[in-house]
2 protein chains.
Amino acid sequence: METINVFDLIERMAALIRSEERKKCTELGLQPVHLQVMDYLSRCNRYSDSPAALTKYLGMTRGTVSQTLLLLEKKGYIQKIADVNDRRMVHLSLLTEGHAILTKAHPADLYSQASVIFNSNNSQENVFVNALTALQKANKSQSFGLCKTCKHFTTSQDGFFCNLTKEQLSQKDSEKICQEHTVI
Amino acid sequence: METINVFDLIERMAALIRSEERKKCTELGLQPVHLQVMDYLSRCNRYSDSPAALTKYLGMTRGTVSQTLLLLEKKGYIQKIADVNDRRMVHLSLLTEGHAILTKAHPADLYSQASVIFNSNNSQENVFVNALTALQKANKSQSFGLCKTCKHFTTSQDGFFCNLTKEQLSQKDSEKICQEHTVI
DNA sequence: CCAATACAATATCGATTCGAAACCTGATTT
DNA sequence: AAATCAGGTTTCGAATCGATATTGTATTGG
């Protein structure tokens with residue numbers, strides 16, 4: 001019996017995906033990581049729009065993320081705004097230019113491939129979700145789930161509320177990625 | 001309904017795995033790629049022990065692979081031998097030093113994690129194998145399966161035989177990775 | 001049979017990207 | 001107030017990419 005290494009399988013899938021993404025990206029004149037960053041920024045809430053969160057999400061080092069952000073800022077795709085309360089912290093946001101690039105890049109062949117590949121058995125998507133969750137647990141890294149699926153998320157008559165930060169949440173907030181996300 | 005992007009899931013799993021591997025590797029003073037290369041060389045047959053095959057397997061560029069091999073050769077972990085028939089080609093092989101490093105690195109925490117994570121549902125390993133195969137098909141990349149599971153593999157009274165290369169195969173050959181591997 | 005040409009495998013090189021560690025600055029703790 | 005910690009940046013060397021060059025093989029037309 002051959003011992004199949006799941007880690008190896010995952011890495012090779014990622015390698016294929018990356019090399020495919022690279023092809024797409026060179027046409028647009030940017031790196032895969034740039035799109036990843038902008039995609040994340042379009043899907044994260046105010047607790048998670050920081051370089052530190054990005055670092056954890058992407059699994060890169062702080063230095064690398066810092067460089068990437070510098071470049072994206074210089075190109076006019078994103079914006080940095082210092083936090084009012086904690087002046088160490090920086091909030092990132094996608095500018096209209098960035099949104100434009102993102103929508104231009106998104107409906108790529110890559111995703112049409114994905115649907116072809118996974119449409120037959122989309123119930124198995126859960127396997128991937130579970131695997132990722134398990135890996136995150138083993139690695140003690142955060143889950144980066146949607147706000148409204150979090151343990152700290154509650155809904156009252158005034159709307160939505162986070163029991164961790166003790167703050168009101170908008171409908172939009174609740175549908176975004178949060179780094180404080182905790183599985184119920 | 002949230003559209004879960006399987007590609008995103010895979011990439012994030014790979015990011016976690018890589019950052020974990022990097023920790024391990026820095027202790028040994030080498031890069032994750034180096035271990036991947038040596039692991040591959042320990043598991044491939046004579047049709048697949050070339051820089052070109054490695055390039056396809058790892059999803060990197062030829063230049064990068066060339067540099068990596070140069071380094072591994074300089075460190076005395078691998079060996080390059082020019083092909084007798086086609087002098088453009090190079091055959092790579094793992095030296096004893098390389099084997100030593102590989103076995104030293106292999107029983108890592110990484111793999112103990114893996115078993116913990118995936119032991120509950122190892123039947124689902126097939127999902128990963130299928131996903132990888134599908135991706136490889138979509139990408140028109142080769143499958144890199146085991147020789148003995150290939151369409152061109154036959155067994156006669158003289159032993160094993162490859163119908164593509166019309167050559168005899170040893171028992172060992174048949175249990176290694178081949179880049180010409182074609183699913184039955 | 002022999003150029004000439006197309007193709008294939010690998011190597012080389014400049015530019016870019018990334019990771020590791022040191023550093024800076026502001027917040028928190030003692 | 002000093003020490004410690006946390007978020008972010010800078011610096012530097014190593015790794016990677018993409019393009020080009022090099023070398024060897026196969027093919028084709030005379």
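Residue numbers begin at 1 in each chain, while the letters A, B, ... track the order of the sequences.
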Open item on the list: Checking side-chain polar atoms at under 3.5 Å, does B/His99 have a donor or acceptor matched by the opposite partner on B/Ser42?
Closed with: no
TODO: Under 4.0 Å between any heavy atoms, over every strand shown, what does B/Lys80 touch: base, sugar-phosphate, or nothing? Just pick one.
DONE: sugar-phosphate
- [ ] Select base, sugar-phosphate, or nothing to describe what A/Lys56 touches, counting heavy atoms under 4.0 Å on all strands.
- [x] nothing
Open item on the list: Do B/Ser50 and B/His91 pair up side chain to side chain, a donor and an acceptor below 3.5 Å, judged on atom types alone?
Closed with: no
TODO: Give a yes or no on this: more than 12 heavy atoms of other residues, nucleotides or ligands lie within 6.0 Å of atom NZ of A/Lys151.
DONE: no
TODO: For B/Gln36 and D/dA15, give me the distance from atom CD to atom P, rounded to whole Å.
DONE: 14 Å
- [ ] Write down the distance between NZ (B/Lys74) and C1' (C/dT12), rounded to a whole number of angstrom.
- [x] 14 Å
Task: Nucleotide C/dT10, atom P - distance to CD1 of B/Ile78 in whole Å - done: 12 Å
Open item on the list: Could you check whether atom CZ of B/Arg18 has more than 12 heavy atoms from other residues, nucleotides or ligands sitting under 6.0 Å from it?
Closed with: yes
Open item on the list: Between the side chains of B/Arg43 and B/Asp39, is the shortest nitrogen-to-carboxylate-oxygen separation below 4.0 Å, so that they form an ion pair?
Closed with: yes
- [ ] May I have the distance from B/Asp49 (atom CG) to C/dT10 (atom C1'), rounded to whole angstrom?
- [x] 14 Å
Open item on the list: What's the separation between atom CG in A/Leu94 and atom CD in A/Glu97, rounded to the nearest 0.5 Å?
Closed with: 10.5 Å
Task: Rounded interatomic separation in angstrom, taking CG from A/Leu92 and P from D/dG7 - done: 14 Å
Task: Euclidean distance, atom CD1 of residue B/Ile81 to atom P of C/dT10 [Å, nearest integer] - done: 14 Å
Open item on the list: Testing the 3.5 Å rule here: is there a donor-acceptor pair between the side chains of B/Gln36 and B/Glu21?
Closed with: no
- [ ] Could you tell me whether the side chains of A/Gln136 and A/Ser143 share a donor-acceptor contact shorter than 3.5 Å?
- [x] no
Scan nucleotides 15-19 of chain C against the protein and return all N/O pairs shorter than 3.5 Å with their distances rounded to 0.1 Å.
residue: C/dG19; atom: OP1; partner: B/Arg22; partner atom: NH2; Å: 3.2
residue: C/dG19; atom: OP2; partner: A/Thr64; partner atom: OG1; Å: 2.8
residue: C/dG19; atom: N7; partner: A/Thr64; partner atom: OG1; Å: 3.0

Open item on the list: Return a single string for nucleotides 22-30 of chain C, one symbol per nucleotide in 5' to 3' order, where B is base contact, S is sugar-phosphate-only contact and - is none, cutoff 4.0 angstrom on heavy atoms.
Closed with: ----BS---
Task: Whole-Å gap separating P (D/dA26) and CG (B/Asp83) - done: 11 Å
- [ ] Check the distance between D/dT16's C1' and B/Arg18's CZ and give it to me in whole angstrom.
- [x] 13 Å
Task: Mutual orientation of the aromatic rings belonging to B/Tyr40 and B/Tyr57 [parallel < 30°, tilted 30-60°, perpendicular > 60°] - done: tilted
